[in-house]
There are 2 protein chains.
Amino acid sequence: MGRWQPDARVRLQEAALALYGERGYEETTVAGIAERAGLTKRTFFRYFTDKREVLFWGSELLEQQMVAAIEAAPASASALGLIGAALDAAAVRFEEVREFAGTRHRIIAASRELQERELIKAASLAAAMAGALRARGLGDTAATLAALMGTTIMHVAFKRWVDDPDQTPFQQIARDALAQLREIASTG
Amino acid sequence: MGRWQPDARVRLQEAALALYGERGYEETTVAGIAERAGLTKRTFFRYFTDKREVLFWGSELLEQQMVAAIEAAPASASALGLIGAALDAAAVRFEEVREFAGTRHRIIAASRELQERELIKAASLAAAMAGALRARGLGDTAATLAALMGTTIMHVAFKRWVDDPDQTPFQQIARDALAQLREIASTG
DNA sequence: AACCTGATGTCACCTGGTGCCATCACCCTA
DNA sequence: TAGGGTGATGGCACCAGGTGACATCAGGTT
């Protein structure tokens, strides 16, 4: 047992999630989070670049897994087939963290600042997927559009998923949404 | 000629655009913008809620025009047909401000904070368009997806438009992108 | 001439965020 | 066992974004 507990980052995340949930994001101060975690404001900013980022730890991992799914898909896959594979990968991860997903989602939905951060994370994810699609031979525009459709589907499906009383699997919701998107795009 | 010039808001916008362009967004201070406009920091924050918003004045107008275009479209229009109408409305507005569009776009592209703000503006626009689509009888998911495809197209097309040396009209670029999206969605 | 109103300035204050240096527990080595 | 790294943390000063409260002042109104 040293001077510092080994899991400072996790403690900060838990403290932040708790306080954001109890008092709301804006009403919570970084000093308050740090205090609850037994640390100081200065240390908080060593682990997280800002007050928002503490809720988005792990988004790089999701990005990597979705990109990997695109890379690993069979050569015959179409653009949206590749997107489907990426969404399946996301589904696995989402089900793992279902316990916290609802709370986290409500917190973000209540704060414009946090929504902004979430949107830029999605944009980053789309850029990464677009890169993977280009690497598989898709044209620039096609790759970009397909990737953005992917994050669109993910976003819409995620909202439905956390609000669904039946706890329908994310994968199923996402597939339905993808099918519906196809239908919309092919009509008229 | 009173104590105050009548166009404080415009002066602040021009000062901000100039300074963001010259020194960059992060290196520019609100006090500096205000000084350049012959005002004070406090007055800046009476016109704009924060340092980012000064670049997004007029986005409500664009939103209204795109929504109006959806409402005014012929009854026979499909979901993506309605989106096309909204994009045509956007095209008119974009061509009006082409002069500043490039500078503004470069400034935003250089700042993560500003990209976040732009993304949430797009999300707000998508929500407004989705509302208009629902009002025309589309289902909830279809309306949301179609609206998000609309902002996706707008985003992609806008980037191409400002970078295009041939100054191809926005409308044409957007229509091409929309057609390509249709193709992607109907393949595989 | 007194009054009202709206735009602005002034000032104090809080919080997010950062740079710099001190501190202290632990580990390694002589 | 003493001493010297090393890395995580604390402490402090500071800057900038943002806000509330109050003063000021020009112009129009009565």
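Quick note on labels: first sequence line is chain A, next is B, and so on, each numbered from 1. This is a predicted model, so every value here is computed, not measured. Computation of the quantities below employed the complete heavy-atom set of this structure, encompassing side-chain atoms and omitting hydrogens, waters and symmetry-equivalent molecules.
Using a 4.0 Å cut-off between charged side-chain N and carboxylate O, Asp50(A) and Arg117(A) make a salt bridge.
Put simply, Tyr47(B) has a side-chain N or O that comes within less than 4.0 Å of OP1 or OP2 on dT8(C). For dG16(C), the OP1/OP2 oxygens have a side-chain nitrogen or oxygen of Thr29(A) closer than 4.0 Å. In terms of phosphate contacts, Thr43(A) brings a side-chain nitrogen or oxygen within less than 4.0 Å of OP1 or OP2 of dG10(D). In terms of phosphate contacts, Arg52(A) brings a side-chain nitrogen or oxygen within less than 4.0 Å of OP1 or OP2 of dG17(C).
At whole-Å resolution of the value, CD in Glu27(B) and P in dT18(C) are 13 Å apart. Rounded to an integer number of Å, the gap from Asp50(B) CG to dT19(D) P is 8 Å. If you take CD of Glu35(A) and C1' of dG16(C), they are 17 Å apart, rounded to a whole angstrom. In this structure, Phe44(B) atom CZ and dA7(C) atom P are separated by 18 Å, rounded to whole Å. Following rounding to the nearest Å, Leu12(B) (CG) and dT8(C) (C1') show an atom-to-atom distance of 12 Å. To the nearest angstrom, P of dT9(D) lies 8 Å from CZ of Arg11(A).
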Arg160(A) and Asp164(A): CA distance, side-chain angles, deciding distance, salt bridge (charged side-chain N to carboxylate O under 4.0 Å, His left out) verdict
CA-CA 6 Å; Arg160(A) 277 177 207 285; Asp164(A) 183 38; over 6 Å; no

Could you go through the salt bridge (charged side-chain N to carboxylate O under 4.0 Å, His left out) check for Lys121(A) and Glu53(A) one step at a time?
CA-CA 10 Å; Lys121(A) 292 289 181 186; Glu53(A) 204 65 17; 2.5 Å; yes

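Side chain Lys51(B) to base dG18(D): no donor-acceptor pair is found below 3.5 Å. For a distance-only test at 3.5 Å, the side chain of Arg46(B) fails to qualify as a donor-acceptor partner of the base of dG18(D). The base of dG20(D) sits within donor-acceptor range of the side chain of Arg42(B), with an N or O pair under 3.5 Å.
Here the nucleotide nearest the side chain of Ala8(B), chosen from dG18(D), dT8(C), dG17(C), is dT8(C). Distance from the side chain of Lys41(B) is smallest for dG17(D) among the nucleotides dT9(D), dG17(D), dG9(C).
Both tests pass for Arg9(A) against the ring of Phe48(A): distance under 6.0 Å to the centre and angle within 45° of the axis.
Note on Gly38(A): only backbone sugar-phosphate atoms sit closer than 4.0 angstrom, heavy atoms only; bases stay farther off.
DNA chain C forms stems at C:1-30 with D:1-30, each a run of 3 or more consecutive Watson-Crick or G-U wobble pairs whose two key distances fall under 3.5 Å.
There is a side-chain donor-acceptor pair under 3.5 Å between Arg52(B) and Tyr25(B).
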